[in-house]
K.L.:
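Pasting a structure here, questions to come.
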Amino acid sequence: MVPQTFSSSYLTGFMETLKFAVLPGDGIGPEVMTVALRVLEQAGQRFGFRPDATHADIGGIAIDNHGIAYPDSTHQVCEEADAILFGSVGGPKWETLPPKDQPERASLLAIRKAFSLYANIRPGLLYAEIADASPLKRERIPDGIDIVCIRELTGGIYFGDKSTSTLDNGEEQAIDTMVYKTSEIERIAQVAIDTALGRGKRVCSVDKANVLECSVLWRKVVAAYFAEHAPQIELDHMYVDNAAMQLARDPNQFDVLFTENMFGDILSDEMGVICGSLGMLASASLGARQNGRGKPFGLYEPSGGTAPDIAGQGIANPCAQILSGALMLRHSFGLNEEADAIETAVRSTVEAGARTADIAFGLDSVGSEAMGEAVLERLA
Ligand code: IPM
Ligand code: MG
């Protein structure tokens with residue numbers, strides 16, 4: 001008789017190894033990463049894979065240890081991996097450095113560019129059970145929220161030419177340039193299409209075409225691309241100011257919210273707050289590069305940042321990091337069932353009332369580790 005504890009892959013003698021880079025970064029990054037890795041380990045035991053994680057420094061900790069936010073050695077670790085599980089970078093300690101050397105620009109933006117991770121996918125999910133965590137009235141979101149933001153991540157004003165100068169009259173001046181090319185818009189339009197095909201088949205493209213040339217081009221290219229490649233998808237266009245308002249008024253009117261880099265940064269934070277807590281929001285950043293398994297190489301990170309105010313206290317919500325791990329399994333390793341299992345475990349943990357402080361709302365709250373334990377129990 002076969003002992004129950006032997007997984008089928010063990011019996012066939014094959015334990016799939018998942019090779020990924022782990023970059024915990026700063027602030028709450030390392031704490032929530034520890035919990036997320038435990039969850040991946042356990043998912044591996046249940047489903048028969050072995051996480052092979054190589055740790056490296058990035059952000060402020062890399063400045064402290066190597067004198068630079070994105071060391072070559074860290075880049076090399078990522079080059080050799082099939083995906084990157086990222087924590088978060090930055091904090092007060094490094095805020096006095098010149099802006100271009102600070103962790104956000106010198107490491108996070110640098111790594112996005114280095115791997116051409118142009119497609120940022122941010123699911124905006126609020127479980128009905130924690131609808132009270134949203135600042136929106138419950139009657140506006142009786143079933144919670146389920147939308148997704150597709151943000152262009154390697155173009156626009158983030159990466160156009162920048163300069164500062166002092167004018168003849170002694171005033172200082174700063175310039176940031178917003179640039180988009182047709183090809184950059186088309187490739188992210190395809191991601192919006194693919195995402196919408198797996199959901200409600202509706203895309204709202206957000207721009208500022210009444211003011212910006214980049215947006216005029218964006219709207220024209222998006223309209224033509226969808227007409228040619230995805231006529232079955234319902235495409236709308238909306239100005240970004242209106243989109244910000246609509247998101248606060250009735251988020252579920254959207255299915256896929258699709259936009260350029262800067263607008264996506266702002267709207268995805270708004271989406272985060274209406275979904276209750278940034279501590280629940282995962283994200284995937286994908287590019288054209290395929291990994292050793294013929295899947296998209298990607299970087300997976302929580303949307304919430306380093307939360308310096310609570311770093312080191314063991315109370316941060318680990319769910320966004322855990323869910324980022326699930327996105328990694330799905331996109332970069334093609335492990336859909338495994339990703340679903342982790343997502344289901346997180347959801348049922350929250351439903352059962354285990355809550356970190358950010359989503360507790362009157363219930364007793366638990367720390368990051370206990371929250372992780374609760375997820376592990378459900379995953380087992
Ligand atoms: C995000 C963050 C980053 C961004 C910062 C940290 C550079 O806000 O991922 O949304 O602006 O893209
Ligand atoms: Mg942001």
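Values in this document were obtained by computation on a predicted structure and should not be read as measured data. Both ligands and their constituent atoms are indexed starting at 1 by order of listing. Heavy-atom basis, side chains included; hydrogens, waters and symmetry copies ignored.
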K.L.:
What protein N/O/S atoms are there under 2.8 Å from the Mg ion (ligand 2), waters excluded?
P.N.:
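Per the 2.8 Å query on the Mg ion (ligand 2), atoms found are D265 OD1.
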K.L.:
Write out the residue and atom name of the closest protein heavy atom to atom 2 (C) of ligand 1, then the distance separating them to 0.1 Å.
P.N.:
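Here the nearest protein heavy atom works out to D265 OD1, 4.0 Å.
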K.L.:
Does CZ belonging to R378 count more than 12 external heavy atoms closer than 6.0 Å?
P.N.:
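Counting neighbours around CZ of R378, more than 12 heavy atoms of other residues, nucleotides or ligands fall under 6.0 Å, so yes.
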K.L.:
Could you check whether atom CD of E213 has more than 12 heavy atoms from other residues, nucleotides or ligands sitting under 6.0 Å from it?
P.N.:
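No - once you tally the heavy atoms of other residues, nucleotides and ligands closer than 6.0 Å, there are 12 at most.
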K.L.:
Please name the residue in the list V206, D207, V148, I188 that meets the side chain to side chain contact (heavy atoms under 4.5 Å, CB included) test with F258.
P.N.:
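Testing each of V206, D207, V148, I188 against F258, the sole residue satisfying side chain to side chain contact (heavy atoms under 4.5 Å, CB included) is I188.
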K.L.:
Touching ligand 1 at all, R122? Heavy atoms, strictly under 4.0 Å?
P.N.:
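The answer is yes, since R122 has a heavy atom less than 4.0 Å from ligand 1.
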K.L.:
How long is the straight-line distance from CG of D250 back to CD1 of I145, given to the nearest 0.5 Å?
P.N.:
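So the CD1 of I145 and the CG of D250 are separated by 9.5 Å.
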K.L.:
Taking the non-hydrogen atoms of R105, is any one of them nearer than 4.0 angstrom to ligand 1?
P.N.:
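So R105 does not count as touching ligand 1.
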K.L.:
As an exercise, identify every atom of ligand 1 less than 4.0 angstrom from a heavy atom of R151.
P.N.:
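Counting atoms of ligand 1 from 1, those under 4.0 Å from R151 are 1 (C), 4 (C), 9 (O), 10 (O), 11 (O), 12 (O).
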K.L.:
Regarding Q246 and R249, do their side chains bring together a donor and an acceptor under 3.5 Å, going by distance alone?
P.N.:
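There is such a pair between these side chains.
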K.L.:
Return yes when atom CD of E172 has more than 12 non-hydrogen atoms of other residues, nucleotides or ligands closer than 6.0 Å, and no otherwise.
P.N.:
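No, not enclosed.
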K.L.:
Under 3.5 Å, is there a donor-acceptor pair between the W94 and D64 side chains?
P.N.:
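Judged by distance alone, the side chains do pair up.
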K.L.:
Return a yes/no value for R112: is any of its N or O atoms, backbone included, closer than 3.5 angstrom to an N or O of ligand 1?
P.N.:
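Right, the criterion is met.
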K.L.:
Using the rule side chain to side chain contact (heavy atoms under 4.5 Å, CB included), only one of V350, L126, D132 pairs with I359; which is it?
P.N.:
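Only match with I359 under side chain to side chain contact (heavy atoms under 4.5 Å, CB included): V350.
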K.L.:
Looking only at side chains, do D194 and Q190 share a donor and an acceptor under 3.5 Å apart?
P.N.:
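Yes, a side-chain donor-acceptor pair sits under 3.5 Å.
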K.L.:
Just to be sure I read this right, does ligand 1 sit under 4.0 Å from the backbone of M262, its side chain, both, or neither, counting only heavy atoms?
P.N.:
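Within the 4.0 Å criterion, M262 makes no contact with ligand 1.
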K.L.:
In terms of atom number and element, which parts of ligand 1 are under 4.0 angstrom from non-hydrogen atoms of E104?
P.N.:
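Here the atoms of ligand 1 in question are 6 (C), 7 (C).
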K.L.:
Should the heavy atoms of other residues, nucleotides or ligands under 6.0 Å from CD of E186 be counted, would the total exceed 12?
P.N.:
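Above 12, so yes.
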K.L.:
Is the shortest N/O to N/O distance between Y158 and ligand 1 below 3.5 Å?
P.N.:
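Yes, Y158 has an N/O under 3.5 Å of an N/O on ligand 1.
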